[in-house]
Amino acid sequence: MSSTAFNRLRGLFSKSPSPIITTIKANRAAEIRAPISSKDKKTLSLVKKFKETTDNPRFRRYHHYYEATVLRLAREQHFSAIRDILEHQKKYPDIMDQKFAVRLICLYGKAKMADDAQKLFDELPSLNCERTVVSFNALLGACVNSKNFNKVTELFKELPEKLSIEPDIVSYNTVVKALCDVGSVDSASVVMNEMESSNIQPDVVTFNTLLDAFYKNNRIEEAEKLWCLMEKKNVLANVRTYNSRLRGLVADNRVSDAAELIEEMGKKGVKPDNYSFNALMKGFVDVGNLEEAKVWYKKMMRNGCGPDRATFGMLIPFACDKDDFDYAFELCNDAVKAKQSVYNSVVQRVADGLVERSKNNEAQKLMKMAKLK
DNA sequence: CTAGGGTTAG
């Protein structure tokens, strides 16, 4: 509503015999003029509370609070609110500590706000904060998280010379990751080769990034070659390296090879984790083998790897597909015990299946559990 | 959020 219309309204209402009604109507008109939804109000109070909280130095060390707030605001697309609370941080003396500044740059990255990350990076000297390869790497990482991949290669080309920053292994690994993410796995391999001419040896992170990209693109042969190169360079495979390979084998329909690889990991002193077992169980799900999936689920438990959201999200619907609602129910119980959330639709499907099979007691128990969460 | 991680691979 235009302000003229508003004035006209006010003029009308001022002749109203009841002043109380006048006030209410005027307020409503003001609301129409500048609508503030209850969601916006919530955001405003969240921002206010965050600033007040971080005004206390003690709370500036609560990384999780920062991250949770930024991620929440990002999810709601309140980017100006994120800018608001992170800009506010520049008021504190902590900003002179590069560690603190790096955290803020990374937070911009998590909110996919690469330009703001760069703005802060550019301002560091004027904020009396030292700027080294670490904040440079944080900026690169923020661009990767923002999926602004061109910016990564651009900055990597320009900044080191301009700012006399020597790129290190983390810088190179971040560029490798950016190239893999954009689908240029070959260029990423080239960068790995180039590192060596800068006297920086590829490490396990470099290999893991590239291996994962090769396996994801079903370039199994090249991945195997890379694995050999890694061994030749005496870079020790860790659990993530093996997990990439497990996923690759499973994608290549080589489930039994994958199972063997898990056993081999144990022998090599690399303890399989959730991702390892999930990768293998996915193989058995893909070929419709519930019995083997059950066997490995048990092994997973025995190895002290708590099943996670991915495990339950995969196995419960699979058990339903196989009409094994008792097992699906058992898994739901485990999920509650493990404090892992399961989609309501999945729980509903299990409950419906139980009812169809006249297992009303179980169905009721299940619904009760679901409601508790 | 409520302990605490300066940057990279889920």
Side-chain angles (χ1 to χ4, degrees), chain A residues 46 49-54 56-73 85 89 94-110 117 120-121 124 129-145 149 152 155-156 159 165-181 185 188 191-192 195 200-216 223 226 230 235-248 272-279 282 305 308-311:
Chain A
L46 188 80
K49 200 180 140 206
F50 184 89
K51 288 182 185 171
E52 283 166 6
T53 306
T54 59
N56 180 339
R58 192 163 86 82
F59 291 106
R60 285 178 220 145
R61 300 183 343 190
Y62 285 11
H63 295 226
H64 192 82
Y65 176 43
Y66 279 73
E67 193 172 308
T69 307
V70 167
L71 288 180
R72 178 180 163 179
L73 290 171
I85 61 172
Q89 306 297 309
D94 309 46
I95 196 66
M96 293 187 285
D97 179 1
Q98 194 183 206
K99 285 181 209 158
F100 186 75
V102 159
R103 269 175 55 201
L104 301 181
I105 290 172
C106 292
L107 286 168
Y108 273 130
K110 282 175 181 151
L120 178 56
F121 177 81
L124 291 185
C129 177
E130 68 163 348
R131 195 168 55 181
T132 71
V133 67
V134 181
S135 42
F136 172 63
N137 292 341
L139 174 59
L140 292 179
C143 296
V144 173
N145 283 333
F149 302 115
V152 178
L155 293 176
F156 187 78
L159 289 189
I165 288 173
E166 194 70 33
D168 65 5
I169 180 74
V170 177
S171 326
Y172 276 99
N173 286 345
T174 309
V175 172
V176 167
K177 169 70 176 155
L179 290 169
C180 287
D181 277 1
V185 189
V191 170
M192 184 181 78
M195 292 169 68
I200 295 173
Q201 290 306 312
D203 66 358
V204 66
V205 176
T206 326
F207 281 105
N208 285 354
T209 309
L210 273 165
L211 280 170
D212 199 54
F214 275 130
Y215 284 124
K216 264 188 194 145
L226 197 62
M230 182 182 71
V235 175
L236 225 51
N238 64 19
V239 64
R240 286 195 183 197
T241 329
Y242 279 99
N243 289 345
S244 286
R245 190 154 183 216
L246 285 169
R247 281 191 293 266
D273 66 6
N274 296 17
Y275 290 84
S276 322
F277 288 104
N278 285 342
K282 183 184 178 301
C305 297
D308 58 18
R309 215 174 65 219
T311 319

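Order of the sequence lines fixes the chain letters, A, B, ..., with proteins taken first and strands second; residue numbering starts at 1 for each chain.
- For Thr209(A), the side-chain atoms get nearest to dA9(B) when compared with the rest of dT7(B), dA9(B), dG4(B).
- With rounding to whole Å, Arg61(A) atom CZ is found 9 Å from dA3(B) atom C1'.
- In the set dG10(B), dC1(B), dT7(B), the nucleotide with an atom closest to the side chain of Cys106(A) is dT7(B).
- Atom P of nucleotide dC1(B) and atom OH of Tyr65(A) are separated by 10 Å, given to the nearest angstrom.
- In Gln201(A), the CD atom is crowded: over 12 heavy atoms of neighbouring residues, nucleotides or ligands sit closer than 6.0 Å.
- For Asn238(A) against dA9(B), a side-chain-to-base donor-acceptor contact under 3.5 Å is present.
- To the nearest angstrom, P of dT8(B) lies 16 Å from CZ of Phe156(A).
- In this structure, the side chains of Asn173(A) and Asn137(A) stay at 4.5 Å or more apart for every pair of heavy atoms.
- Stacking of the aromatic ring of Tyr62(A) onto the base of dG4(B) is not found under the criterion of centres within 5.5 Å and planes under 30°.
- Between Leu210(A) atom CG and dT8(B) atom P the separation is 18 Å, expressed in whole Å.
- Side chains of Asn278(A) and Asn243(A): a donor-acceptor N/O pair is absent below 3.5 angstrom, by distance only.
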Would Leu104(A) and Phe100(A) satisfy side chain to side chain contact (heavy atoms under 4.5 Å, CB included), going step by step from the backbone distance to the final call?
CA-CA 7 Å; Leu104(A) 301 181; Phe100(A) 186 75; 3.9 Å; yes

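- For Asp203(A) and dT7(B), the CG to P distance is 15 Å, given to the nearest whole Å.
- For residues 57-70 of chain A, the pairs satisfying salt bridge (Lys or Arg N to Asp or Glu O under 4.0 Å) are Arg60(A)-Asp94(A), Glu67(A)-Lys110(A), with sequence neighbours left out.
- Residues Asp212(A) and Arg247(A) are paired through a salt bridge, judged by an N-O separation under 4.0 Å between the basic side chain and the carboxylate.
- As judged by a 4.0 angstrom heavy-atom cut-off over every strand, Asp94(A) is placed among residues making no nucleic acid contact.
- The residue Arg103(A) sits apart from the nucleic acid: no heavy atom pair falls under 4.0 Å.
- Applying the 3.5 Å distance criterion, the base of dG5(B) shares a donor-acceptor pair with the side chain of His63(A).
- Dashed line: the shortest gap from a side-chain N or O of Arg240(A) to OP1 or OP2 of dG10(B) is not under 4.0 Å.
- Closest to the side chain of Phe59(A), from the set dG10(B), dA9(B), dT2(B), is dT2(B).
- Spacing between atom OH of Tyr66(A) and atom P of dG5(B) amounts to 14 Å, rounded to whole angstrom units.
- Rounded to whole angstrom, the span from the CG atom of Asp181(A) across to the C1' atom of dA9(B) amounts to 10 Å.
- Annotated as anti: dG4(B), whose O4'-C1'-N torsion sits more than 90° from 0.
- Qualifying salt bridge (charged side-chain N to carboxylate O under 4.0 Å, His left out) partners for Asp97(A), counting only residues two or more places apart in sequence or in other chains: none.
- Looking at heavy-atom distances under 4.0 Å, Arg247(A) makes contact with a base.
- Near-neighbour residues of DNA chain B inside residues 165-180 of chain A, defined by a heavy atom below 4.0 Å, number-ordered: Val170(A), Asn173(A), Thr174(A), Lys177(A).
- Distance alone, capped at 3.5 Å, is enough to place a donor-acceptor pair between the Thr54(A) side chain and the Phe50(A) backbone.
- Looking at the side chain of Val134(A), the nearest of the listed nucleotides dT7(B), dG10(B), dA9(B) is dT7(B).
- In this structure, Leu104(A) atom CG and dT7(B) atom C1' are separated by 14 Å, rounded to whole Å.
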